[in-house]
There are 2 protein chains.
Amino acid sequence: MTVRRHDPDRRSRIIDVCLDLVAEVGVAGVSHRKVAAAADVPLGSMTYHFAGMDELLREAFARFSRSVSDGFEQRMSEATDLATARAAVVEIITRDVFGTHRDLVLTHELYTLAAREPAYRELTNAWMGRSRAALERHFDPVTARMLDALIEGLTIHRALDTEAPRHETVTEAVRRITAAG
Amino acid sequence: MTVRRHDPDRRSRIIDVCLDLVAEVGVAGVSHRKVAAAADVPLGSMTYHFAGMDELLREAFARFSRSVSDGFEQRMSEATDLATARAAVVEIITRDVFGTHRDLVLTHELYTLAAREPAYRELTNAWMGRSRAALERHFDPVTARMLDALIEGLTIHRALDTEAPRHETVTEAVRRITAAG
DNA sequence: CCACTCTGCGTACGATCGTACACATCGCCC
DNA sequence: GGGCGATGTGTACGATCGTACGCAGAGTGG
């Protein structure tokens, strides 16, 4: 016995596995036992590292939202002028944000939690704040707000509507919003 | 004993109570027992009227999405020209859609389910289809698409961001999207 | 007015859940 | 090298879950 006595990344690995599990079965479907099994750690390790499921979920979604924001900033920072900034936004909508099914599901799980519990709303607030800040490197604040909302709506409709908006539609929508008033 | 032998609206009442309960504690938090208690029906009545929790949830969200769509169509049907149509969209964003906390939470719960299970995606598809059709009474199809996405994004950001977009921002965003290309 | 069917209910069962807690093992300091 | 915190683990408990199932009444045809 006594395998893996020293496993310093265990806590972090649990968080990652928890995210994968949430993506698969939803917040409603996760349990300490399932996470423990998926992460290949004993059940007692859950209560040792996390005070409860809430703490684990909050840390998991904090990590998730930070990573998405990182990608967003990265993409926007590569733009140099209006044209490339517009193109970056289109890229974000059609590729980045919900590029994987995992990200799509996790985003909605987070929104659902945020809609009900203020603690999670802090995460979405920070997320949206960073998005807007990144957009404001290229657009005025009001336009950035609109763009951020447009990105949100288009990505959701891309994911949840069988007739996804065509690429030209996305490009045109970004053009209209970013057209000088 | 033997109270309420004849109770023809029972099934419908269970569905309504289930929606309220989901709004309160989330899909993750509902159970046959809690719904039964809230609806003041015996536990056995749950399995009698519904094959399982899935069936109950699906019917509940079908009812919810239909009622939201009804309100959307109602609001858009009252518009008579471009100006009133634009105003109607602004009204929808700033008042109707997530006017109540209940609607906000239920919408996200539904989206979360739809992101993972195709059965629920049929509901969101129908919902978005009806929204677009209502918008197309006043705008061309491509613009209707963009508008629908914009409504989605703005309502979400209104709900999940402490710094909600101001009313003029919403008006301006609608104006830009609906400006003739 | 009896018997039979069908609607609806109470309860009980096995599974699974979160959490607590006693115990094993390791690294370290004297 | 021997004791002693610190770290990590296994198990057991009470609660809650979905669901099945036997039974009680009400309605109805004869």
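Worth saying up front: this structure is predicted, and the values here are computed from it rather than measured. Here is how names work: the chains are called A, B, and so on, in the same order as the sequence lines, proteins then strands, and each is numbered from 1. For the numbers below, each heavy atom of this structure counts, side chains included, while hydrogens, waters and symmetry mates do not.
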**Q** Among A:L19, A:V27, A:I15, which residue meets the side chain to side chain contact (heavy atoms under 4.5 Å, CB included) test with A:L57?
**A**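 Of the listed options, the one satisfying the test is A:V27.
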
**Q** List the atom of A:I177, the atom of B:A173, and the distance in Å for their closest heavy-atom pair.
**A**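 In this case the closest contact between A:I177 and B:A173 is CD1-O, 4.1 Å.
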
**Q** Hey, what's the ring geometry for A:Y111 with A:W127, parallel, tilted or perpendicular (30° and 60° as the breaks)?
**A**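 Ring orientation of A:Y111 relative to A:W127: tilted.
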
**Q** With sequence neighbours excluded, give me every side chain to side chain donor-acceptor pair (under 3.5 Å) pair touching residues 130-141 of chain B.
**A**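 Pairs touching residues 130-141 of chain B that pass the test: A:D161-B:R132, B:D70-B:R130, B:E73-B:R130, B:D140-B:T143.
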
**Q** Please list all pairs passing the salt bridge (Lys or Arg N to Asp or Glu O under 4.0 Å) test where one or both residues lie in residues 107-120 of chain A, with sequence neighbours left out.
**A**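 Qualifying pairs, neighbours excluded: A:E109-B:R116, A:R116-B:E109.
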
**Q** If the sugar-phosphate is the primed atoms plus P, OP1 and OP2 and the base is the rest, what is the B/S/- string for nucleotides 16-21 of chain D, using protein heavy atoms under 4.0 Å?
**A** -BBB--

**Q** A:R11 CZ to D:dT7 P: how many Å, rounded?
**A**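 After rounding, the reported distance stands at 13 Å.
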
**Q** Using whole Å, what does the distance between atom P of nucleotide C:dC9 and atom CG of B:D40 come to?
**A**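 Atom-to-atom, B:D40 to C:dC9, this comes out as 10 Å.
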
**Q** Rounded to the nearest angstrom, tell me the gap between atom CZ in A:R10 and atom P in D:dT7.
**A**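 Rounded to whole Å, this separation is 14 Å.
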
**Q** When rounded to the nearest 0.5 angstrom, what distance separates CE in A:M128 from CZ in A:R145?
**A**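 One finds 9.5 Å between CE of A:M128 and CZ of A:R145.
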
**Q** Are any of B:S45's side-chain N or O atoms less than 4.0 Å away from OP1 or OP2 of C:dG8?
**A**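 Checking B:S45 against C:dG8: no side-chain N or O falls below 4.0 Å of OP1 or OP2.
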
